[in-house]
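Have a look at the structure below, then the notes.
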Amino acid sequence: MQYFDTHAHIGLICEDPIEQLIVIQEARQAQVTRIVSICNSLHDFVKVYDNLKSANHVYHAVGVSPSEVQNPGKDWVQTIEQSAQLPRVVAVGEIGLDYYRKFGDKKSQIELFITQLDLAAKLDLPVIIHNRDAGKDVIEILKDRLPPRGGVLHCYSEDAEYARRALDLNLYFSFAGNLTYRNAKNLHETIGVLPLDRILIESESPFMVPADYRGKRNMPKYLPITAHFLADMLEMGDEEMADTLWDNSSRFFNLPRE
């Protein structure tokens, strides 16, 4: 079996470059053989990408998250365009809206989001979408601006009804370790309405650790726990589930299956 971690903040798990390499090696030993590295800022992207450039099984997304709306960086649009040409850069992200922490103002967040959606269309890349307490605006914007390669609602947090509406768009739905929490009824109900070929999983490390490891810092190596939980929910074998998630993830990021 092999697993595909579609969203890991390797630079937030640890700052030390050697420790970052250890994290991805430990993941590989746990059969997590592909990882998409996510950074919130372009400054962090440059550092993490440079450190992990020799790790051929680690892929990268580049973008400016809503947390950086007040300081996206000098010439940030050009930086994304140039970075998208680098080897193993497979998506624009994470991008989106976060009304929970009130980064900047809503207008500025929306402008940043739309600019990057249009940029992803120009670059022919999919988008990785952050949504926190902003579901209505996110889906309304995506109806008009979702790039042709589609997007993933990462660390899905809405309910089943929202998922039904989002299914009309070229969107995937990614679930993190919080899927394993007993009180995550909205996520459990959502799984029940989604086609199997639109589901991805992610570690969202160092956050959203699976229930078995609550209280610890999350790692990509824990991803198989989420896959196993999902397999049980859908009454599938672990190997069949792993294969399905691998196929879905590879298709979304336009990567060969092997």
Side-chain angles (χ1 to χ4, degrees), residues 1-10 21 23-38 48-49 52-63 83-94 120-121 123-129 146-156 163 166-167 169-177 179 191 194-205 210 219-258:
M1 288 188 294
Q2 53 187 355
Y3 298 94
F4 195 137
D5 185 350
T6 63
H7 196 110
H9 293 270
I10 296 171
L21 293 169
V23 164
I24 62 174
Q25 182 58 34
E26 289 178 343
R28 199 163 197 168
Q29 291 168 354
Q31 299 178 297
V32 181
T33 54
R34 278 181 178 169
I35 301 172
V36 176
S37 169
I38 308 291
V48 174
Y49 183 90
L52 301 179
K53 62 186 176 184
S54 64
N56 292 328
H57 64 295
V58 177
Y59 297 84
H60 300 265
V62 61
S83 300
Q85 308 309 316
L86 294 169
R88 301 195 312 279
V89 173
V90 293
V92 172
E94 66 182 273
L123 296 168
D124 192 31
L125 288 173
V127 289
I128 297 170
I129 301 159
L146 183 65
R149 287 280 306 281
V152 57
L153 297 172
H154 110 84
C155 195
Y156 188 80
L167 278 169
L169 304 174
N170 183 19
L171 289 170
Y172 286 69
F173 303 77
S174 182
F175 296 86
L179 180 69
I191 292 294
L194 291 178
L196 189 56
D197 64 359
R198 302 279 283 274
I199 297 174
L200 309 179
I201 62 170
E202 62 182 86
S203 66
E204 174 66 327
S205 49
M219 299 281 191
K221 66 182 178 182
Y222 300 149
L223 185 74
I225 295 169
T226 303
H228 176 71
F229 186 91
L230 183 58
D232 280 353
M233 282 186 69
L234 295 176
E235 298 181 343
M236 294 173 63
D238 284 342
E239 192 160 340
E240 183 186 4
M241 175 56 70
D243 285 347
T244 299
L245 293 170
W246 183 269
D247 286 348
N248 294 351
S249 304
S250 300
R251 182 172 63 252
F252 175 71
F253 289 112
N254 196 31
L255 294 171
R257 191 187 187 284
E258 300 301 330

For Val36 and Ala61, the nearest pair of non-hydrogen atoms, with its separation, is CG1-N, 4.2 Å
Sorted by chain and number, sequence neighbours left out, side-chain contact (heavy atoms from CB on, under 4.5 Å) with Pro148 holds for Ala121
So do Arg251 and Asp197 actually touch side chain to side chain, heavy atoms under 4.5 Å?
yes
To the nearest 0.5 Å, atom NE2 of His60 lies from atom CD1 of Ile35 at 10.0 Å
With a 4.5 Å cut-off on side-chain heavy atoms, are Ile191 and Leu179 touching? yes
Student check: side-chain heavy atoms of Val90 and Asn254 closer than 4.5 Å:
no
By side-chain contact (heavy atoms from CB on, under 4.5 Å), Pro126 pairs with (sequence neighbours left out) Ala91, Arg149, Phe252
Here the pair of heavy atoms bringing Leu194 nearest to Ala163 is CD2-CB, 4.0 Å
Does a side-chain heavy-atom distance below 4.5 Å link Leu167 with Phe173?
yes
In terms of heavy-atom contacts, Ser203 and Ala176 come closest through O-CB, 4.3 Å
Is the side chain of Tyr49 donor-acceptor paired with the backbone N or O of Val62 at a distance under 3.5 Å, no angle test?
no
Contacts of Arg34 meeting side-chain contact (heavy atoms from CB on, under 4.5 Å) (sequence neighbours excluded), chain-then-number -> Phe4, Tyr59, Trp246, Ser250, Leu255, Pro256
By side-chain contact (heavy atoms from CB on, under 4.5 Å), Ala227 pairs with (sequence neighbours left out) Tyr3, Ile201, Leu245
Closest non-hydrogen atoms of Ser249 and Thr6, given as atom of the first, atom of the second and distance, are OG-CG2, 3.5 Å
The reported gap from CD1 in Ile128 to SG in Cys155 (rounded to nearest 0.5 angstrom) is 12.5 Å
Exercise. Does some side-chain heavy atom of Val32 sit less than 4.5 Å from a side-chain heavy atom of Pro224?
Worked result: yes
Practice task
Give a yes or no on whether the backbone of Leu171 and the side-chain of Arg198 come within a donor-acceptor separation of less than 3.5 Å.
Solution key: yes
Salt bridge (Lys or Arg N to Asp or Glu O under 4.0 Å) filter on Asp232, not counting sequence neighbours, yields none
Side chain to side chain donor-acceptor pair (under 3.5 Å) pairs touching residues 235-245, sequence neighbours excluded, are His228-Asp238
To the nearest 0.5 Å, atom CG of Leu200 lies from atom CG of Asp5 at 11.0 Å
Side-chain (Asn248) to main-chain (Ile199) donor-acceptor, under 3.5 angstrom: yes
What one should report as the nearest heavy-atom pair of Ser54 and Arg88 is N-NH2, 4.3 Å
Residues Ser174 and Val152: closest non-hydrogen pair is CB-CG2, 3.6 Å
*asked:* If you define the side chain from C-beta out and look only at heavy atoms, does anything of Gln29 sit under 4.5 Å from Lys221?
replied: no
query: Going by heavy atoms in the side chains, are Glu94 and His9 under 4.5 Å from each other?
result: yes
Inset, instruction - Please examine the side chains of Met236 and Leu196, heavy atoms only from C-beta on, and report whether any two atoms are closer than 4.5 Å. - result: yes
Taken to the nearest 0.5 Å, the spacing of Thr226 OG1 from Glu202 CD works out to 9.0 Å
